[in-house]
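Values below: all heavy atoms of this structure, side chains included; hydrogens, waters and symmetry mates excluded.
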Amino acid sequence: MLTNPTPRVILTGVILELTLATALIHLTLGGTLFLLNALGYLVLGIAYLAVAVVPMPAARRLGWLPRAALAAFAAVTIVAYLVIGPYFTLGWVTKGIELALVLLIVVDLLITTDADRAPRRPPTSA
């Protein structure tokens with residue numbers, strides 16, 4: 001069964017761009033907490049890219065892990081901002097980016113799960 005990989009490539013690209021955007025925003029804010037947050041996004045983004053690109057079976061089996069970790073990290077960042085503050089325009093823009101990131105990762109996980117459950121046809125002989 002041949003499928004078009006273009007939507008998956010676009011989805012992965014958008015997720016990586018949003019991850020990089022929120023990492024750069026946190027990096028420019030200064031302070032240890034923001035620096036650690038930016039590093040967390042960068043490391044999880046690299047892990048996400050690695051499992052998306054590496055064609056190894058082990059990477060496919062554990063591909064859900066970096067995706068779930070990135071979504072959880074973004075969700076915790078959103079909740080921490082709502083609890084701690086301080087509330088300003090750039091903070092709300094960043095939370096919007098992170099919310100989009102979480103939603104797109106959920107879509108990616110659902111697509112990946114469906115692709116793994118698709119029935120495999122036995123090879124046909126000529």
- [ ] Among residues two or more places apart or on two chains, list those pairs meeting salt bridge (Lys or Arg N to Asp or Glu O under 4.0 Å) that have a residue in residues 69-93.
- [x]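 Residue pairs with at least one partner in residues 69-93: there are none.
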Open item on the list: Tell me which pairs pass salt bridge (Lys or Arg N to Asp or Glu O under 4.0 Å) where either residue lies in residues 16-41, with sequence neighbours left out.
Closed with: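 Checked against salt bridge (Lys or Arg N to Asp or Glu O under 4.0 Å) - neighbours excluded - no pair reaches residues 16-41.
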Open item on the list: Quick one: does any side-chain atom of T22 pair with a main-chain N or O of L18 as donor and acceptor, under 3.5 Å?
Closed with: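 No, because the side chain of T22 does not come within donor-acceptor range (under 3.5 Å) of the backbone of L18.
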Count I, L, V, M, F, W, Y as connected when their side-chain heavy atoms are under 4.5 Å apart, and connections chain through other members. Are [X] and [Y] then in the same cluster?
X: V107; Y: V9; answer: no
X: L36; Y: I78; answer: no
X: L20; Y: L11; answer: no
X: L90; Y: F34; answer: yes
X: V54; Y: I15; answer: no

- [ ] For residues L101 and I105, determine if any side-chain heavy atom of one lies less than 4.5 Å from a side-chain heavy atom of the other.
- [x]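 They are in contact (side-chain heavy atoms under 4.5 Å apart), so the answer is yes.
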Open item on the list: With heavy-atom distances below 4.5 Å as the criterion, would you say the side chains of I25 and I97 are in contact?
Closed with: yes
Open item on the list: Can you pull out every side chain to side chain donor-acceptor pair (under 3.5 Å) where at least one residue sits in residues 78-95? Sequence neighbours excluded, please.
Closed with: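 Pairs touching residues 78-95 that pass the test: K95-E98.
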Tabulate below the donor-acceptor pairs under 3.5 Å that side-chain atoms of residues 70-77 make, not counting sequence neighbours, or state none.
{"residue": "T77", "atom": "OG1", "partner": "N37", "partner atom": "ND2", "Å": "3.4"}
{"residue": "T77", "atom": "OG1", "partner": "F73", "partner atom": "O", "Å": "2.8"}

TODO: Apply side-chain contact (heavy atoms from CB on, under 4.5 Å) to the pair R67 and V106, showing each step before the final yes or no.
DONE: CA-CA 8 Å; R67 290 175 172 95; V106 168; over 6 Å; no
Task: Non-neighbouring partners of W64 that pass ring-ring contact (aromatic ring centres under 6.0 Å, His included), sequence neighbours left out - done: none
Task: Pairwise distance CG(L24) to CG(L29) - rounded to 0.5 angstrom - done: 11.0 Å
Task: Taking every non-hydrogen atom, the tightest pair across G63 and P66 - done: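 It is O-CD, 3.5 Å.
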TODO: Assess whether side-chain contact (heavy atoms from CB on, under 4.5 Å) is satisfied between T19 and Y48, documenting all intermediate values.
DONE: CA-CA 10 Å; T19 302; Y48 178 86; over 6 Å; no
Open item on the list: Can you list everything that forms a side chain to side chain contact (heavy atoms under 4.5 Å, CB included) with A38? Sequence neighbours excluded, please.
Closed with: H26, L27
